[in-house]
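The structure appears below as structure tokens.
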Amino acid sequence: MIVAKTIAEVRAQVAQWKREGFSVGLVPTMGYLHEGHASLVDKARRMCGKVVASDFVNPTQFGPNEDLEAYPRDFERDCALLEEHGCDMVFYPAVGEMYAPNAATYVEIQDEMPKQLCGKTRPIHFRGVCTVVSKLFNIVEPDYAFFGQKDAQQLAIIRRMVRDLSYGIEVVACPIVREADGLARSSRNTYLNPAERKAALCLSRAVFRGQELVGAGERDAEKLVAEMRAVIEAEPLARIDYVSAVDGETMLPVEELTDGVLAAMAVYIGKTRLIDNFIVGGLKE
């Protein structure tokens with residue numbers, strides 16, 4: 001596996017691959033990889049001739065009081081996982097390689113999408129996400145880009161950005177990967193102590209309860225949200241940021257549970273903020 005630390009290295013290698021007729025898939029990550037990330041690489045491996053992963057903790061998507069400095073990092077471990085799953089190149093830039101000292105240009109969706117759900121408490125987050133993903137698209141020029149459903153709002157926003165800016169890239173959604181006990185895999189799970197790790201299962205229990213209700217015919221979004229909230233509120237260590245049912249494309253609240261509706265949550269377990277969700281009718285890749 002090639003380890004590239006500069007934009008020039010990535011562009012030169014991708015240009016060579018494209019001259020040789022290979023399609024290119026991009027898996028953007030912030031490192032500290034787990035089986036959820038591995039599933040994205042596996043999907044890219046099946047669909048593309050060459051696979052590039054980025055490993056970059058992006059500072060522009062963290063607010064002033066968020067966990068940028070504490071965010072877990074282990075590049076050697078990341079490389080071992082990527083190589084095991086057939087990644088051809090990892091892009092591992094320094095912050096100065098991605099952002100000039102006086103960088104002042106951002107990519108931002110100017111409607112209600114980024115203001116909903118996670119955007120209510122993380123107002124600059126999706127501006128940072130769109131900016132760094134746009135930069136990665138410009139650097140790698142992939143044919144396909146792979147994102148996980150766990151970050152469902154991010155996925156919807158990137159799809160909108162790709163449409164609005166006319167990127168010739170197909171965004172591929174990949175299902176949530178869960179631990180054996182149901183907890184959605186996340187780099188932030190490492191913050192949890194044993195009691196918190198057990199308490200965090202209230203998120204997946206709420207998801208499974210929501211799926212059960214929808215499967216039984218429930219179509220009232222307010223009732224669904226109330227039932228899911230009740231599951232979480234039964235856990236003393238949990239503090240709800242939001243539990244919402246929204247249109248899967250616009251992120252705006254809905255009253256009726258039709259196919260494509262996103263039932264999503266963000267919950268603090270101790271100091272750790274975790275997210276989980278499901279899509280009514282299932283994921284459309």
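As the structure is a prediction and not an experimental result, all values here were calculated from the model.
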> Could you go step by step and tell me if L262 and M251 meet the side-chain contact (heavy atoms from CB on, under 4.5 Å) rule?
Replying inline: CA-CA 8 Å; L262 171 69; M251 300 291 112; 4.0 Å; yes

Hydrophobic cluster membership, [X] vs [Y], 4.5 Å side-chain cutoff:
X    : Y    : value
I269 : L183 : no
I2   : V52  : yes
V254 : I279 : no
I124 : V129 : no
Y32  : L192 : no

> Would V3 and M89 count as a side-chain contact (heavy atoms from CB on, under 4.5 Å) if you check the C-alpha gap in whole Å, the side-chain angles of each, and the deciding distance to 0.1 Å?
Replying inline: CA-CA 6 Å; V3 177; M89 177 165 63; over 6 Å; no

Of the non-hydrogen atoms in [X] and [Y], which two are nearest, and what is the gap between them?
X    : Y    : value
H34  : G36  : ND1-N, 2.9 Å
S187 : H37  : OG-CE1, 3.9 Å
P28  : L136 : CB-CD1, 4.0 Å
G31  : D78  : CA-OD2, 3.4 Å
V231 : C202 : CG1-O, 3.8 Å
L117 : S244 : CD2-CB, 3.6 Å

>> I'd like to know if the side chain of T60 pairs up with that of Y106 as donor and acceptor (distance under 3.5 Å, no hydrogens or angles considered).
In response: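 Judged by distance alone, the side chains do not pair up.
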
> Any side-chain donor-acceptor pair under 3.5 Å between Y99 and N58?
Replying inline: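 Yes.
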
So, do [X] and [Y] sit near enough that their side-chain heavy atoms are less than 4.5 Å apart?
X    : Y    : answer
D276 : S204 : yes
W17  : C48  : no
M228 : F278 : yes
L165 : F137 : no
M265 : V207 : yes
M98  : F91  : yes
V246 : L252 : no
P114 : E108 : no

> Are R45 and D88 close enough for a salt bridge, meaning some N to O gap below 4.0 Å?
Replying inline: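 Looking at D88 together with R45, the answer is yes, because their closest N to O distance falls below 4.0 Å.
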
> Run the side-chain contact (heavy atoms from CB on, under 4.5 Å) check on V171 and F147 step by step: do they pass?
Replying inline: CA-CA 7 Å; V171 175; F147 294 88; 3.9 Å; yes

Keeping the roles fixed (side chain from [X], backbone from [Y]), state whether a donor-acceptor pair exists under 3.5 Å.
X    : Y    : result
R197 : T190 : no
E83  : M1   : yes
E35  : V177 : no
D151 : Q154 : no
E235 : L237 : yes
E196 : N193 : yes
E9   : K5   : yes
Q149 : A173 : no

Take atom [atom1] of [X] as the centre, draw a 6.0 Å sphere, and report whether it contains more than 12 heavy atoms from other residues, nucleotides or ligands.
X    : atom1 : result
K18  : NZ    : yes
E255 : CD    : no
E249 : CD    : no
E222 : CD    : no

> Relative to the ring of F75, is the ring of Y92 parallel (under 30°), tilted (30 to 60°) or perpendicular (over 60°)?
Replying inline: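 Rings of Y92 and F75: parallel, under 30°.
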
>> Evaluate T131 against K135 for side-chain contact (heavy atoms from CB on, under 4.5 Å), listing each step before the verdict.
In response: CA-CA 6 Å; T131 300; K135 289 172 71 70; 4.2 Å; yes

>> If we check salt bridge (Lys or Arg N to Asp or Glu O under 4.0 Å) with D67, which of these qualifies: R188, R73, R122, R273?
In response: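 For D67, the salt bridge (Lys or Arg N to Asp or Glu O under 4.0 Å) test succeeds with only one of R188, R73, R122, R273, which is R188.
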
> What do the steps show when you test T121 against Y242 for side-chain hydrogen bond (donor to acceptor under 3.5 Å, both in side chains), and what is the final call?
Replying inline: CA-CA 10 Å; T121 53; Y242 66 81; over 6 Å; no

What is the distance from atom [atom1] of [X] to atom [atom2] of [Y], rounded to the nearest 0.5 Å?
X    : Y    : atom1 : atom2 : value
M113 : R160 : CE    : CZ    : 5.0 Å
K150 : R178 : NZ    : CZ    : 10.0 Å
Y167 : S134 : OH    : OG    : 2.5 Å
L224 : R209 : CG    : CZ    : 9.5 Å
L33  : R185 : CG    : CZ    : 12.0 Å
N189 : E179 : CG    : CD    : 6.5 Å

> Is the charged tip of K50 near the ring of F22: under 6.0 Å from the six-membered ring centre and within 45° of its axis?
Replying inline: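 Checked: cation-pi criterion met.
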
